[in-house]
There are 2 protein chains.
Amino acid sequence: MDWGSLSAFVAVAERGGFSAAAEQLHLTQPAVSKRIAQLEQDLEVRLFDRLGRQVVLTEAGRLLLPRARQMLAEADAARRALQDLGQDIGGRPCCAALPRCTRGWRWTSASWIRSRPMPRCWAATWSWR
Amino acid sequence: MDWGSLSAFVAVAERGGFSAAAEQLHLTQPAVSKRIAQLEQDLEVRLFDRLGRQVVLTEAGRLLLPRARQMLAEADAARRALQDLGQDIGGRPCCAALPRCTRGWRWTSASWIRSRPMPRCWAATWSWR
DNA sequence: TCAAGTTACGCCGCGCGTAAGCATT
DNA sequence: AATGCTTACGCGCGGCGTAACTTGA
C-alpha cells in the first residue's frame, strides 16, 4: 500500500474507469491497471468488478474509498503544515527550541554545519560565511 | 513521502537514533539514513538535528511526528478492516450489492469470470464448474 | 579507540511506457 | 470497427547492503 496506488484507486473510483483515471493522473492506462492490480494483491482483496467495460466498486472497494481519501488528505495536510511552518517561523531559529542551544548559535562544528544544505527555518536569520 | 520513510521517521524519533531504528525496522543503518534524508528532501524540511551523536527532533519534526503516527495507524486500520470484511462477509456475495446484478449470479460471460482469480467474498458461496 | 551517521558503489527489483492481445458494445 | 482493460517486454530509476570515511565521546 503506497500513496501512488491509493490515488490511482480513488481516481478510478471517481472517474469510473481506468483510462479516465490515467488521464487525470498523467499516466498511461496500463500503469493504472498495474497499480490497482498491485494494490488488490497487496490487500488480498478485489477492489473493482470489471463488468465488461464498466468498472464498479466491490464491497471491499466501497469500504476502502473513504479511508483512502482520508489518508491522502492527511498526507496533504501534513505537507501543507510543514510548508506553513517554514513560513511562520520567520525570525525564530530552530536552535532556540533545542535544549542544549540556549546560549549560542553554533552547537556543533561549523564545518559540519557548512557541509549540509541550509535548513529552511534558518534561512531568514542566519547565514554562514 | 511514502510509508517506508514515515515508519523510519517514527522509529528514529522513538528510539532516539538511527542504528536503534534500523534494528527495529530490520534494515541497515545506511538505509535508514537514506530514508530520512529522502524524506527531508521531499518535504524540504530538516526533521532531525544531529548533535554530534545525539539525534533531536527539529520543530518541523515535532510537528510531523503525531501526524506520521496517525497516518501509519490509519493505513493499518484500513488493512485490518479489509481483512475483517473478508471474514465477515461470509455468505453474502459482492454481486448482490451491484446495480445490474439483482436478478442473477452471472452478469458477464462465464469464461471471463473463470479466467481470473476468485474474489475472496465469493469463496464461501459460489464455485464455478 | 570505539560508536554512530554519512557517502560511495554495485546490484536487484519495481514502475513506467510501448505494443500486442481480448472482450464488450 | 472501436473502445477499454490486461499482459508482455524492455528500460531506467530508486532503495538496499557492503565497505570506506568522518566525527563526536
Side-chain angles (χ1 to χ4, degrees), chain A residues 1-9 11-13 15-42 46-58 61 98 100-101 106-117 119, chain B residues 1-9 11-13 15-42 46-58 61 98 100-101 106-117 119:
Chain A
M1 177 156 42
D2 59 310
W3 265 285
S5 301
L6 282 185
S7 60
F9 166 69
V12 171
R15 309 293 295 263
F18 286 64
S19 37
E23 188 180 1
Q24 174 180 325
L25 297 168
H26 302 291
L27 287 171
T28 59
Q29 189 185 53
V32 175
S33 182
K34 284 290 215 53
R35 283 189 175 189
I36 300 298
Q38 184 206 339
L39 184 60
E40 287 179 327
Q41 188 170 356
D42 175 36
R46 180 154 283 260
L47 298 171
F48 295 104
D49 279 316
R50 285 75 160 176
L51 309 172
R53 73 176 44 179
Q54 193 179 5
V55 171
V56 183
L57 280 169
T58 62
L98 294 173
R100 291 179 50 192
C101 302
R106 294 161 65 181
W107 57 83
T108 185
S109 68
S111 66
W112 181 83
I113 293 184
R114 205 173 284 116
S115 69
R116 48 207 57 259
Chain B
M1 176 157 43
D2 58 313
W3 265 286
S5 301
L6 282 185
S7 60
F9 167 70
V12 172
R15 310 292 296 263
F18 285 64
S19 37
E23 187 180 2
Q24 174 178 324
L25 297 168
H26 302 291
L27 287 172
T28 59
Q29 190 185 52
V32 175
S33 181
K34 284 291 215 56
R35 283 190 175 189
I36 299 298
Q38 184 207 339
L39 184 60
E40 289 179 326
Q41 189 170 355
D42 174 36
R46 180 151 284 259
L47 298 170
F48 295 104
D49 278 315
R50 285 76 162 176
L51 308 172
R53 75 175 41 182
Q54 194 177 4
V55 170
V56 183
L57 281 170
T58 62
L98 294 176
R100 290 179 50 192
C101 303
R106 294 160 65 180
W107 58 82
T108 185
S109 69
S111 67
W112 182 83
I113 293 183
R114 206 174 282 118
S115 71
R116 49 206 57 258

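Side-chain atoms are counted along with the backbone in the values below, which use heavy atoms only and exclude waters and symmetry mates. Just so it is clear, the model here is predicted, and its values are computed rather than measured. Residue numbering restarts at 1 for every chain, and letters A, B, ... go by the order of the sequence lines.
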Problem set entry | Reported CH2-to-CG distance for the pair B:Trp3 and A:Asp2, which is rounded to 0.5 angstrom | 7.5 Å

For this session: Round to a whole Å and report the spacing from CG of B:Leu6 to C1' of D:dG15.
Result: 16 Å

Problem set entry | Proximity to the side chain of A:Val55 - top-ranked nucleotide from D:dC5, D:dC16, C:dG15 | D:dC5

For this session: Return the value, rounded to whole Å, for the distance between atom CG of B:Leu51 and atom P of C:dT6.
Result: 12 Å

Problem set entry | A:Phe18, nearest nucleotide to its side chain (from C:dG17, D:dC5, C:dG5) | D:dC5

For this session: Using a cut-off of strictly less than 4.0 Å, decide whether B:Ser33 has a side-chain nitrogen or oxygen near OP1 or OP2 of C:dT6.
Result: yes

Exercise. Has A:Gln29 got a side-chain N or O lying under 4.0 Å from the OP1 or OP2 atom of D:dG4?
Worked result: no

Exercise. For D:dC16, does OP1 or OP2 lie under 4.0 Å from any side-chain N or O of B:Arg35?
Worked result: yes

For this session: Calculate the interatomic distance between A:Lys34 atom NZ and D:dG4 atom P; express it in whole Å.
Result: 21 Å

Problem set entry | Electrostatic pair A:Glu40-A:Arg50, nearest N-O below 4.0 angstrom | yes

Exercise. What is the distance from CG of A:Leu25 to P of C:dG15, rounded to the nearest Å?
Worked result: 15 Å

For this session: In whole angstrom, give the distance that lies between atom CD of B:Gln54 and atom P of D:dG24.
Result: 14 Å

Seminar exercise, completed: Interatomic distance, NZ@A:Lys34 vs CD@A:Gln29, rounded to 0.5 Å, equals 13.0 Å

Exercise. Is B:Ser19 near enough to C:dG5 that one of its side-chain N or O atoms lies under 4.0 angstrom from OP1 or OP2?
Worked result: yes

For this session: Look at the side chain of A:Arg50 and decide which nucleotide, out of C:dC16, C:dT6, D:dT6, has an atom nearest to it.
Result: D:dT6

Exercise. How long is the span from the CZ atom in B:Arg46 to the CG atom in B:Leu57, to the nearest 0.5 Å?
Worked result: 12.5 Å

For this session: Assess whether atom CD of A:Gln24 is packed by more than 12 heavy atoms of other residues, nucleotides or ligands within 6.0 Å.
Result: yes

Exercise. Please give, in whole Å, the distance from C:dA4 P to B:Arg15 CZ?
Worked result: 12 Å

For this session: Please state how far atom CG in B:Leu47 lies from atom P in C:dG5, giving the value in whole angstrom units.
Result: 16 Å

For this session: In whole angstrom, give the distance that lies between atom CG of A:Leu27 and atom C1' of D:dC5.
Result: 15 Å

For this session: Report which part of the nucleic acid A:Gly4 touches: base, sugar-phosphate, or nothing (heavy-atom distance under 4.0 Å, all strands).
Result: nothing

Problem set entry | Residue mapping more 5' on DNA chain C - nearest nucleotide basis, B:Pro30 or A:Asp2 | B:Pro30

